[in-house]
Undergrad: 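Structure provided below as structure tokens; questions to follow.
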Amino acid sequence: MNAEKPDRNLAIEIVRVTEAAALAASRWQGRGDKESGDKAAVDAMREVLNTVEMAGTVIIGEGEKDEAPMLFNGERVGTGNAPKVDIAVDPVEGTRLLAEGRPGSLAVMAGAPAGTMFDPGPCVYMEKIVVGAEAADAVDLDRPIAENLQAVAKATDREVRDLTVVMLDRDRHEVAKREIRDAGARLTLITDGDVAGGLLAAWQDRPQVDMLYGIGGTPEGVITACAVKALGGHMVGRLWTRSDEERQQALDAGYDVDAVLDLDDLVSADDCFFACTGITPSQLLRGVTFSRTGAMTESLVMRSKSGTVRQIQAQHQLTKLRRYATVEY
């Protein structure tokens, strides 16, 4: 029998990063200010990231879509010591949800060994399908949605009417909405944040969603891929350009915008890490809650190498944190 000694689980360390981002961002819940909430999360995330023992490079940073504050692509994070790590971040997934005080906002981060994380270049959006392990071989982006639903139903020994699809509620999905409804499946529309939807679709221990489909952000797509690997699910994606100009930029940069990307294309390593912390409450996680003396967070921590998924509840004594942290908790 081949035995390997337990090694370092970087996910346990990066959850401190998402906790810090969630605590800082939660102060802006419902205050109608997307950018300030996002900036608070970015500042907190950067401060704690730079204490993690790693030589990290941000491959995918959030913010370029809406000119928000951001951890920028190519930014070096961590202490600078080994290991070398690719980083993908979404300091606030669901900035509008946070600003409006609605459920579903998360602080999210993923990591993988250097050189293994997909860099989408100028492409901001990606068409995606995420399913659980049972349906891993059943989905194909080149097939109509109805055929994919039939294949998932067959793979999971159910009928299409028993399936639930989660999708962002966007004008670009009007045709897809109709096709899903005509096929007979249930449809859950979300206003923002498809990382949580992807996790629920891949996570067979939480059978609330059977498939995520739709066009969402590429940062969210790569981050989701790291979590899907840990959960044992499956994901396929394809770059989606918003204009002829963006398509040409992608082609000039060497991207095949018509190619279907599988899970290993999105993150080729078998040892990737994922962490997220709830900011506002959702199906996935509780949000940050405050008491007279501190705050409580709930997080998910995943590692693909072991397939371990941890749910962590943490109590934070804010008076102590404020003594040495520069972040406004």
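These numbers come from a predicted model, not from an experiment.
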Undergrad: Do NZ/NE/NH1/NH2 and the carboxylate oxygens of Asp43 and Lys39 come within less than 4.0 Å?
TA: yes

Undergrad: Between Asp192 and Arg170, is there a salt bridge with N-O shorter than 4.0 Å?
TA: yes

Undergrad: Is Phe273 reachable from Leu71 through a run of hydrophobic residues whose side-chain heavy atoms are each under 4.5 Å from the next?
TA: yes

Undergrad: From Cys123 SG over to Arg242 CZ, what is the distance, rounded to the nearest 0.5 angstrom?
TA: 9.0 Å

Undergrad: Return the orientation label for the Tyr213 and His173 ring planes: parallel under 30°, perpendicular over 60°, tilted otherwise.
TA: tilted

Undergrad: Is the closest side-chain heavy-atom distance between Cys226 and Met117 below 4.5 Å?
TA: yes

Undergrad: Is the side chain of Gln204 donor-acceptor paired with the backbone N or O of Ala133 at a distance under 3.5 Å, no angle test?
TA: yes

Undergrad: Do Asp142 and Val260 touch side chain to side chain, with heavy atoms closer than 4.5 Å?
TA: yes

Undergrad: Would you find a donor on one side and an acceptor on the other, under 3.5 Å apart, between the side chain of Asp194 and the backbone of Leu168?
TA: no

Undergrad: For residues Val131 and Leu212, determine if any side-chain heavy atom of one lies less than 4.5 Å from a side-chain heavy atom of the other.
TA: no

Undergrad: Quick one: does Ile279's side chain get under 4.5 Å of Leu106's, heavy atoms only?
TA: no

Undergrad: Just jot down the salt bridge (Lys or Arg N to Asp or Glu O under 4.0 Å) partners of Arg158, sequence neighbours excluded, or say none.
TA: Asp210

Undergrad: Checking Arg76 against Thr57: is there a side-chain donor and acceptor pair closer than 3.5 Å?
TA: yes

Undergrad: Hey, are Asp258 and Arg247 close enough for a salt bridge, meaning a charged N less than 4.0 Å from a carboxylate O?
TA: yes

Undergrad: How does the hydrophobic cluster around Leu251 look, that is, which other residues are in it when side-chain heavy atoms under 4.5 Å mark a link?
TA: Val257

Undergrad: Taking Glu100 for its side chain and Gly30 for its backbone only, find out whether a donor-acceptor pair lies under 3.5 Å.
TA: no

Undergrad: Output all residues satisfying side chain to side chain contact (heavy atoms under 4.5 Å, CB included) with Lys320, sequence neighbours left out; order by chain, then residue number.
TA: Gln317, Arg323

Undergrad: So, are Lys229 and Asp264 salt-bridged, with charged N and O less than 4.0 Å apart?
TA: yes

Undergrad: Strictly distance-based, threshold 3.5 Å: is any side-chain N or O of Thr18 a donor or acceptor partner for the main-chain N or O of Val15?
TA: yes

Undergrad: Side-chain contact test, heavy atoms from C-beta onward, threshold under 4.5 Å: evaluate it for Thr51 versus Thr79 and give yes or no.
TA: no

Undergrad: What residues form a side chain to side chain donor-acceptor pair (under 3.5 Å) with Asp33, not counting sequence neighbours?
TA: Ser36

Undergrad: Would you compute the distance between atom CG of Leu10 and atom SG of Cys272 and round it to the nearest 0.5 angstrom?
TA: 11.5 Å

Undergrad: Return the set of residues passing salt bridge (Lys or Arg N to Asp or Glu O under 4.0 Å) with Glu159 (not counting sequence neighbours), or none when no residue passes.
TA: Arg161

Undergrad: Going by atom types only, do Ser105 and Thr280 share a side-chain donor-acceptor pair under 3.5 Å?
TA: yes

Undergrad: Within the 3.5 Å criterion, strictly below it, is a donor on Gln248 or Asp244 matched to an acceptor on the partner's side chain?
TA: no

Undergrad: Under the salt bridge (Lys or Arg N to Asp or Glu O under 4.0 Å) rule, collect the residues that match up with Asp86, sequence neighbours excluded.
TA: none

Undergrad: Short question: side chain of Ser282, backbone of Leu285 - any donor-acceptor pair under 3.5 Å?
TA: yes

Undergrad: Quick one: does Ile60's side chain get under 4.5 Å of Ile223's, heavy atoms only?
TA: no

Undergrad: Can you spot which of Val130, Leu149, Asn148, Ile145 makes a side-chain contact (heavy atoms from CB on, under 4.5 Å) with Val139?
TA: Asn148

Undergrad: Give a yes or no on whether the backbone of Gly37 and the side-chain of Arg27 come within a donor-acceptor separation of less than 3.5 Å.
TA: no

Undergrad: Determine yes or no for a side-chain-to-main-chain donor-acceptor pair under 3.5 angstrom, with Thr277 supplying the side chain and Ala107 the backbone.
TA: no

Undergrad: In terms of hydrophobic clusters joined by side-chain contacts under 4.5 Å, are Leu187 and Val166 together?
TA: no

Undergrad: Should Val195 and Met126 be regarded as members of a common hydrophobic cluster, given that ILVMFWY residues are connected when their side-chain heavy atoms come within less than 4.5 Å of each other, either directly or indirectly?
TA: yes

Undergrad: I'd like to know if the side chain of Ser26 and the backbone of Val288 have a donor-acceptor N/O pair within less than 3.5 Å.
TA: no

Undergrad: Of the non-hydrogen atoms in Ala196 and Glu93, which two are nearest, and what is the gap between them?
TA: N-OE1, 3.9 Å

Undergrad: Determine whether Met235 and Ile190 fall in the same hydrophobic cluster, where Ile, Leu, Val, Met, Phe, Trp and Tyr are linked whenever their side-chain heavy atoms lie under 4.5 Å apart.
TA: yes

Undergrad: Is Glu19 salt-bridged to Arg16, cutoff N-O under 4.0 Å?
TA: no

Undergrad: Is Lys128 paired with Glu220 through a side-chain N to carboxylate O contact shorter than 4.0 Å?
TA: no

Undergrad: Taking Thr95 for its side chain and Asp38 for its backbone only, find out whether a donor-acceptor pair lies under 3.5 Å.
TA: no

Undergrad: Is there side-chain contact between Trp240 and Thr218, with heavy atoms separated by less than 4.5 Å?
TA: no

Undergrad: Counting distance only, does the side-chain N/O of Asn81 pair as donor-acceptor with the main-chain N or O of Met54 below 3.5 Å?
TA: no

Undergrad: Does Glu53 pair with Arg8 as a salt bridge, N-O distance under 4.0 Å?
TA: no

Undergrad: I would like to know whether Thr116 and Ser268 meet side-chain hydrogen bond (donor to acceptor under 3.5 Å, both in side chains); could you show each step before the answer?
TA: CA-CA 5 Å; Thr116 64; Ser268 60; 4.6 Å; no

Undergrad: Pro120 and Tyr255: which non-hydrogen atoms are nearest, and at how many Å?
TA: C-OH, 3.5 Å

Undergrad: Do NZ/NE/NH1/NH2 and the carboxylate oxygens of Arg303 and Asp271 come within less than 4.0 Å?
TA: yes

Undergrad: Do you know the tightest heavy-atom contact between Leu284 and Cys276?
TA: CD2-SG, 4.4 Å

Undergrad: Please determine whether residues Val209 and Met211 belong to a single hydrophobic cluster, defined as Ile, Leu, Val, Met, Phe, Trp and Tyr linked transitively by side-chain heavy-atom distances below 4.5 Å.
TA: no

